[in-house]
Amino acid sequence: MTRTAVLLFTRDLRVHDNPALAAACEADRVVPLYVDDPGRASNPNQRAFLLDALDDLRESLQGLGGDLVVRTGDTAEQVQAVRAATGAEHVVCASDAGRFAAGLLERLESAGGLRVTPGPAVVEPGRLLPSGGGDHYKVFTPYWRAWSQVRWRETAPEPDRLRVPDLPASDELAPAEPTATDLPAGGERAGLARLDEWAPDSGDYGDRHDDLAGDRTSRLSPYLALGCLSAREVAADPRVSEDFVRQMCWRDFHLQVLAAFPALADTAYRNGGNDVWEADLTALEAWKTASTGIDIVDAGMRQLHAEGWMHNRARLITAGYLVKTLGLDWRDGEAHFAAHLVDYDEANNAGNWQWTAGTGNDTRPNRGFNHERQAGRFDPEGAYRDRWSRT
DNA sequence: TGAGTTTTGAT
DNA sequence: TCAAAACTC
């Protein structure tokens, strides 16, 4: 009896260290599938990156003797259609959190035959729990201590070949219409190349990652957001410093918050922060269009629009300006970032916006940012502001 | 460099 | 009881 498994790729678009791929290969035949689902939140810049990543993944799978089926529509329905067409008994899919992913996994589960494998985190949400009770950690530092001590999963073996049945036809994907002009190339190969470019020279990450003009951050976030790189492999890379690994832990932290609090993107995680916001549409529009008149803020927003990406320090400054100086609703800022970021990730975007707004996982929620002081500290020569000045 | 300022999570 | 992403002045 031949067993066939549908391997549903979601945001694990790689062949290295992919637990879902390894699990699917335990079946006799594998149907590699990606579903372009309009219900999955994204944006045109991330879509351009996604299409690159799918091309790269298809090429890798073809190199293993397989291929990639791409369908358009509702994911659960397409999975059922592909199962019916190929006689697949099983479905393998990586775990994930967030409203779309959680709902999808529930529907796949109820259809039966589902195997869920480790997802985008280094340490799965729910694996670490505070000893005093509770379903997730709400404070980072205790989480970091536990995360650092727990044993991470083993590397998932990469198959040397893929046995596929007769595959159903793919749908043609709508092209991306990115708004940014200077996007990174998507895909696993590009991600590994970026890692090899950055990691050997990343020893001063802890000292220099806040340097706006120095631009020394990893720029791995778009690859991590769609799983072109395995977060576990990046965090375990001997070339990266502990300061950077700590940032990787923040990613896991926010994912386990989102898993426990699915409404994170539009509902205050905790009370005590401001919950009355100004409704100044003119001010919001100025922020969105990089016309606040504050050079460091406008520079960050111009970088966002040009690259679909913003330096982390600039994210803090622009977000802090929106919520603390203008007094506007953090959800409007969250939505604008979500509409442009090539590295858009629900857990990180929402978690960090809530942190800035004082409604998130911060035990001292009343910190403010002084944009002049921030510019002086992190862009002392004004080189970042010059680079992204109005043309 | 250190105090301010505050509530609640983790042990 | 201790301590807490990113600060400010």
Side-chain angles (χ1 to χ4, degrees), chain A residues 122-123 125-150 204-218 221 235 240-261 264 268-275 294 296-297 299-300 310-327 330 333-334 337 343 345 347-380 384:
Chain A
V122 177
V123 175
R127 171 139 174 242
L128 300 174
L129 297 176
S131 56
D135 62 353
H136 69 295
Y137 275 89
K138 298 180 170 182
V139 174
F140 176 75
T141 301
Y143 182 75
W144 162 245
R145 281 194 282 266
W147 187 91
S148 300
Q149 281 162 23
V150 79
D204 60 357
Y205 177 85
D207 294 327
R208 297 204 55 197
H209 71 105
D210 271 325
D211 174 358
L212 280 160
D215 198 17
R216 300 293 299 274
T217 66
S218 73
S221 53
V240 308
S241 65
E242 189 180 23
D243 289 309
F244 180 76
V245 174
R246 191 177 162 100
Q247 299 305 308
M248 294 296 291
C249 182
W250 268 101
R251 195 173 162 275
D252 279 18
F253 176 77
H254 282 138
L255 195 68
Q256 59 100 47
V257 170
L258 179 64
F261 192 83
L264 190 67
Y269 176 78
R270 59 197 280 165
N271 299 319
N274 183 15
D275 56 4
I294 308 299
I296 193 74
V297 173
M310 203 196 295
H311 190 289
N312 180 62
R313 177 53 53 177
R315 296 188 198 202
L316 284 167
I317 297 169
T318 54
Y321 185 78
L322 184 86
V323 298
K324 300 286 190 186
T325 305
L326 298 179
W330 62 269
E334 194 274 344
F337 275 23
D343 64 17
D345 174 286
N348 286 320
N349 197 45
N352 282 312
W353 269 98
Q354 292 228 33
W355 187 93
T356 304
T359 61
N361 297 85
D362 187 4
T363 50
R364 304 152 104 175
N366 291 317
R367 267 181 285 235
F369 283 81
N370 177 326
H371 54 79
E372 287 174 14
R373 197 174 156 80
Q374 289 280 315
R377 277 177 70 190
F378 301 115
D379 187 31
Y384 180 80

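Basis for what follows: all heavy atoms, side chains included, without hydrogens, waters or symmetry-related copies. In what follows, chains carry the letters A, B, and so on, assigned in the order in which the sequence lines appear, proteins first and then strands, with residues in each chain numbered from 1.
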Please indicate yes or no: is the ring centre of A:F140 less than 5.5 Å from the centre of the six-membered base ring of C:dA5, with the two planes inclined by under 30 degrees?
-> no
Gap between atoms CD1 and P, on A:I296 and C:dC7 respectively (whole Å) = 14 Å
For the residue pair A:W147 and A:D252, confirm or rule out a side-chain donor-acceptor distance under 3.5 Å.
-> yes
Do A:R127 and A:V150 come close enough that some side-chain heavy atom pair is under 4.5 Å?
-> yes
Would you say A:S131 reaches B:dT11's phosphate, i.e. side-chain N/O to OP1/OP2 under 4.0 Å?
-> yes
Please confirm whether any donor atom in the side chain of A:N352 sits under 3.5 Å from an acceptor in the base of C:dA5, or the reverse.
-> yes
Is the shortest side-chain N/O distance from A:R315 to OP1 or OP2 of C:dA6 below 4.0 Å?
-> no
Across all strands shown, which nucleotide pairs with B:dT5 by Watson-Crick or G-U wobble geometry, both distances under 3.5 Å?
-> none
Do A:H136 and A:V257 have side-chain heavy atoms sitting under 4.5 Å apart?
-> yes
Spacing of A:H371 atom NE2 relative to C:dA6 atom C1', expressed in whole Å | 17 Å
For the pair made of CG in A:N370 and P in C:dC7, what is the distance, rounded to whole Å?
-> 12 Å
Selection from B:dT11, C:dA5, C:dT8 that lies nearest to any side-chain heavy atom of A:R246 | C:dA5
Ranking C:dA6, C:dA5, C:dC7 by distance to the side chain of A:N312, first place goes to C:dA6
Value in whole Å for how far the P atom of C:dA5 lies from CZ of A:F378 = 16 Å
Nearest to the side chain of A:Q374, which nucleotide is it out of B:dT11, C:dA6, C:dT8?
-> C:dT8
P atom, C:dC7 versus B:dG9: distance in rounded Å?
-> 23 Å
Span that lies between the P atom of B:dT11 and that of C:dA5, in whole angstrom | 13 Å
Send over the distance from A:Y137 OH to C:dA4 C1', rounded to a whole Å.
-> 15 Å
Tell me: CG of A:N348 to P of C:dA6, nearest whole Å?
-> 17 Å
Should C:dA5 form a Watson-Crick or G-U wobble pair with both distances under 3.5 Å, which nucleotide is its partner?
-> none
So do A:L255 and A:N348 actually touch side chain to side chain, heavy atoms under 4.5 Å?
-> no
In whole Å, what separates the P atom of B:dT5 from that of C:dT1?
-> 23 Å
Atom CG of A:D243 and atom C1' of C:dA5 are separated, to the nearest Å, by 12 Å
Below 4.0 angstrom from OP1 or OP2 of C:dA6, is there any side-chain N or O of A:T356?
-> no
Within-4.5 Å side-chain heavy-atom neighbours: A:R216 and A:D204 = yes
From the candidates C:dC9, C:dA6, C:dA5, the one with an atom nearest any side-chain atom of A:V139 is C:dA5
How close or far is atom P of C:dA6 from atom CZ of A:R251, stated in whole angstroms?
-> 22 Å
Does some side-chain heavy atom of A:I296 sit less than 4.5 Å from a side-chain heavy atom of A:F378?
-> no
Among B:dT8, C:dA6, B:dT11, which nucleotide sits nearest the side chain of A:R270?
-> B:dT8
